[in-house]
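Letters go in sequence order (proteins before strands), and every chain restarts at 1.
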Number of protein chains: 2
Amino acid sequence: MVVTLRDVARAAGVSPATASRALSAPDLVAPARRELVQQVARELGYRPNRAARELITGRTGNLCLVVPDLESPFFAAVAKGVQARARALGFALLVADAEEDPRLEAELVGHLGAQVDGVILSSPRMSDVELDRLSRDVLDEDVPLVLVNRRHGGLPSVVIDNADGIRQAVRHLYALGHRRIGYAGGPVGSWSDTQRRYGLEHASHGLRNVEVTDLGHFPPLFGGGVAAGDLVAASGVTAVLAHNDLLALGILSRLRARGVRVPEDVSVVGYDDIPAATLVSPALTTVTVPLARLGRAAVDLLVEAGPVPTPTESALATALSAADGGLDAGSGTPPSVLIGVELVVRASTGVASAQASVADG
Amino acid sequence: MVVTLRDVARAAGVSPATASRALSAPDLVAPARRELVQQVARELGYRPNRAARELITGRTGNLCLVVPDLESPFFAAVAKGVQARARALGFALLVADAEEDPRLEAELVGHLGAQVDGVILSSPRMSDVELDRLSRDVLDEDVPLVLVNRRHGGLPSVVIDNADGIRQAVRHLYALGHRRIGYAGGPVGSWSDTQRRYGLEHASHGLRNVEVTDLGHFPPLFGGGVAAGDLVAASGVTAVLAHNDLLALGILSRLRARGVRVPEDVSVVGYDDIPAATLVSPALTTVTVPLARLGRAAVDLLVEAGPVPTPTESALATALSAADGGLDAGSGTPPSVLIGVELVVRASTGVASAQASVADG
DNA sequence: GTGAAAGCGCTAACAA
DNA sequence: TTGTTAGCGCTTTCAC
């Protein structure tokens with residue numbers, strides 16, 4: 001029924017060992033026989049049994065990604081990048097949605113970590129101790145863990161330059177004449193929110209006469225922005241920075257509903273540059289985060305961090321098909337990658353109006 | 001180092017076979033020993049080796065989902081549903097993004113199909129013959145394939161009631177006084193677009209004086225809608241049905257840019273009810289599709305279609321932890337599931353204006 | 001460079 | 001009900 005390596009070996013008139021080598025470690029076999037075996041394998045439609053190989057090598061050829069919410073445009077974009085890069089390197093990708101629940105995240109990492117060669121975790125809110133526990137006690141020693149958009153201890157991670165994005169946004173607003181700037185933050189305990197608040201403080205210190213108002217913590221969702229919108233209006237700021245685009249979109253919506261004009265009365269800046277940022281009117285000025293690159297970088301880090309990537313995978317793939325896979329393992333990158341961001345100015349920001357305040361009346 | 005079943009067996013003073021049974025088929029073991037073995041397994045931190053089990057049982061405990069674009073809100077929502085249901089049934093989920101390329105879809109199905117217990121494929125545009133080839137020649141006989149949002153031959157599938165959604169939309173517009181209705185279609189060859197055109201024809205036949213204008217085929221994206229928007233304005237229709245929300249959003253945007261008011265001059269209806277539909281102003285009247293349910297139903301179908309779900313999985317899980325997994329396999333459902341849809345009226349539709357036409361001038 | 005043989009960890013006959 | 005035995009398909013020493 002199913003073609004096994006023995007079948008190939010027999011048909012090629014070699015031992016199973018040679019057949020195995022011809023496909024998985026071609027260099028060890030004399031060219032003539034190597035060609036022959038590969039030829040026969042192709043003709044017979046041989047498909048190596050992953051389970052058997054995994055049993056002996058300990059490698060699964062799978063990676064896994066755990067995110068809080070697959071439907072969020074932020075994580076969807078990251079997932080897309082992760083998926084693409086994983087495939088390019090010959091890995092399949094297990095994806096798990098933790099439903100915004102840090103406990104479930106930990107459980108999923110434990111569960112899936114047992115059946116993959118590496119784990120990518122994006123958990124904005126898991127506690128540091130839990131993170132420690134995960135990487136120390138839950139995962140096998142040889143299963144590397146890479147953090148996305150979060151830095152912690154010795155764990156490899158890919159993060160974006162949160163502070164710089166905020167700095168760019170603040171400078172943009174400052175240049176437009178804004179002096180009273182509000183910040184609508186993300187959830188309490190969110191790592192990136194902490195980073196951004198830090199960046200905000202520093203950015204504003206360098207500029208004279210700037211007054212930053214902390215509008216509080218909000219769920220990083222449209223609904224959170226609606227609530228934040230009222231605070232924006234009440235606070236008398238002429239511009240507001242939102243923790244992310246969804247929040248900014250909610251603010252935009254609420255302000256319009258209240259008759260506050262954007263950008264004439266208030267300027268709004270988001271973060272992430274999700275697709276929806278350009279679907280609204282006025283289009284959202286925001287900090288572009290190369291989300292897919294974030295995902296790709298995470299995979300690369302994982303592969304570097306892990307036990308040397310089996311040459312087997314790609315060798316076998318090329319042996320069986322005509323495709324050539326360009327496996328490029330970088331050399332000696334540090335355990336943490338910083339991804340740059342860039343402010344993109346659209347229609348939601350404009351010069352500060354003379355009559356600064358739009359306070360409630 | 002790693003605890004194997006033999007270790008457990010030895011520590012419990014039973015044979016490996018009994019240990020295996022105590023964990024995977026508890027009913028076959030005397031209560032006392034069963035308890036003992038499970039206890040010992042827990043204490044030793046035994047984790048079954050999936051590869052070894054897979055090698056002998058042929059079951060991987062994994063399902064796989066192939067979609068054209070993980071970042072699209074439509075597929076992201078479906079993926080979320082699939083993921084949740086798969087996990088509830090004890091399966092991990094491999095996810096693959098085919099980058100809108102039917103050829104890549106086929107390749108991915110072939111590649112991943114070899115290492116999973118079932119495949120869920122959402123491919124709006126793969127040709128029927130290719131679909132046949134996939135299920136017949138590419139996949140192993142015992143790897144079931146379920147189609148999402150597409151019906152074909154004998155393959156099990158989960159589809160939404162495309163025609164009914166269109167019907168509801170048309171009736172809504174008709175009730176508002178619209179008589180000249182445009183349809184901005186999806187890509188040529190899209191299965192659901194074909195269905196919706198069919199529904200459109202039927203729905204309009206039943207109503208007097210309704211004139212339907214086919215505005216053509218568009219990429220189901222915001223950009224496609226921008227192009228469609230001009231045709232809407234030029235066509236003189238008072239209302240337009242878009243193939244999906246993204247397209248509708250693009251139309252909305254373009255119409256506003258041209259000074260055509262929505263809904264005063266033209267009413268716009270979308271399809272799918274993606275999150276962004278409520279982020280814009282006016283909020284989009286659209287046909288709500290329960291995307292997550294679509295995904296869940298696909299998993300259920302897969303599990304029913306496949307070889308009897310191993311009791312092993314859940315039994316072992318419950319044996320090793322305190323958690324109880326509620327595996328509920330439905331009984332004798334037909335191979336194809338139809339999911340109902342519902343029009344949700346928001347602000348983008350209104351009564352037809354007297355001066356029907358907004359033709360170019 | 002090649003083959004023989006052993007065994008990865010587990011389950012499934014078959015006996016007892 | 002339990003244990004013994006065999007073997008899933010593959011890789012990998014170890015001889016040659």
Side-chain angles (χ1 to χ4, degrees), chain A residues 1-38 41 44-61 114-115 140 142 307 310-313 315-316 319-320, chain B residues 1-37 41 44-61 114-115 140 142 307-308 310-313 315-316 319-320:
Chain A
M1 202 50 240
V2 62
V3 183
T4 134
L5 188 61
R6 300 184 82 89
D7 299 331
V8 175
R10 206 169 313 152
V14 301
S15 76
T18 300
S20 172
R21 285 189 280 250
L23 297 172
S24 308
D27 299 343
L28 302 180
V29 176
R33 312 199 131 189
R34 184 204 310 156
E35 297 299 334
L36 176 63
V37 171
Q38 295 183 355
L44 262 44
Y46 168 68
R47 305 281 288 158
N49 180 317
R50 300 179 54 108
R53 175 180 298 169
E54 178 184 345
L55 185 56
I56 191 164
T57 63
R59 319 221 70 73
T60 64
Q115 57 171 308
D140 280 359
D142 55 349
T310 346
T312 299
E313 309 281 314
L316 182 57
L320 290 180
Chain B
M1 197 54 237
V2 61
V3 183
T4 132
L5 188 59
R6 300 183 82 90
D7 299 331
V8 175
R10 206 169 314 152
V14 301
S15 77
T18 299
S20 173
R21 284 188 283 250
L23 297 172
S24 307
D27 300 343
L28 301 180
V29 176
R33 311 199 134 191
R34 184 204 310 157
E35 297 299 336
L36 175 64
V37 171
L44 262 45
Y46 169 69
R47 305 279 290 157
N49 180 316
R50 299 180 55 108
R53 176 181 296 168
E54 178 185 344
L55 186 55
I56 190 164
T57 63
R59 320 221 69 72
T60 65
Q115 56 171 309
D140 280 0
D142 55 349
V308 183
T310 346
T312 299
E313 309 282 314
L316 183 56
L320 290 180

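- Taking the C1' atoms of five terminal pairs at each end of the helix from C:dG1-D:dC16 to C:dA16-D:dT1, the two resulting helix axes are inclined by 30°, rounded to 10°.
- Under the side chain to side chain contact (heavy atoms under 4.5 Å, CB included) test applied with A:Ser20, the options A:Val8, A:Leu5, A:Val14, A:Val37 reduce to a single match, A:Leu5.
- Every residue two or more places apart in sequence or in another chain that forms a side-chain contact (heavy atoms from CB on, under 4.5 Å) with B:Ala51 is listed here: A:Glu54, A:Leu55, B:Asn49.
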Between the protein and nucleotides 7-10 of chain C, are there any N/O to N/O pairs under 3.5 Å, and if so, what are the atom names and distances?
residue, atom, partner, partner atom, Å
C:dG9, N2, B:Ala52, O, 3.4
C:dC10, OP1, B:Tyr46, OH, 2.5
C:dC10, OP1, B:Asn49, N, 3.2
C:dC10, OP2, B:Thr4, OG1, 3.1
C:dC10, OP2, B:Leu5, N, 2.4

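- Regarding A:Leu23, its CG atom lies at a distance of 8 Å from the P atom of D:dT11, rounded to whole Å.
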Subject >> Check against side-chain contact (heavy atoms from CB on, under 4.5 Å), A:Leu23 and A:Gln38 >> reply: CA-CA 7 Å; A:Leu23 297 172; A:Gln38 295 183 355; 4.0 Å; yes
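- When atom types are taken as modelled, the side chain of A:Arg50 and the backbone of A:Thr60 share a donor-acceptor pair closer than 3.5 angstrom.
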Considering only nitrogen or oxygen atoms on both sides, find all protein atoms under 3.5 Å from nucleotides 1-5 of chain D and state each distance.
residue, atom, partner, partner atom, Å
D:dT2, OP1, B:Arg33, NE, 3.2
D:dT2, OP2, B:Ala30, N, 2.7
D:dT2, O3', B:Arg33, NH1, 3.1
D:dG3, OP2, B:Ser15, N, 3.1
D:dG3, OP2, B:Ser15, OG, 3.2
D:dG3, OP2, B:Thr18, OG1, 2.5
D:dG3, N7, B:Arg21, NH2, 2.8
D:dG3, O6, B:Arg21, NH1, 3.4

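- Residues passing the side-chain hydrogen bond (donor to acceptor under 3.5 Å, both in side chains) test with A:Thr18, sequence neighbours excluded: A:Ser15.
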Exercise answer: donor-acceptor pairs, residues 27-36 of chain B side-chain atoms, under 3.5 Å, sequence neighbours excluded:
residue, atom, partner, partner atom, Å
B:Arg34, NE, B:Pro26, O, 3.1
B:Arg34, NH2, B:Val29, O, 3.4

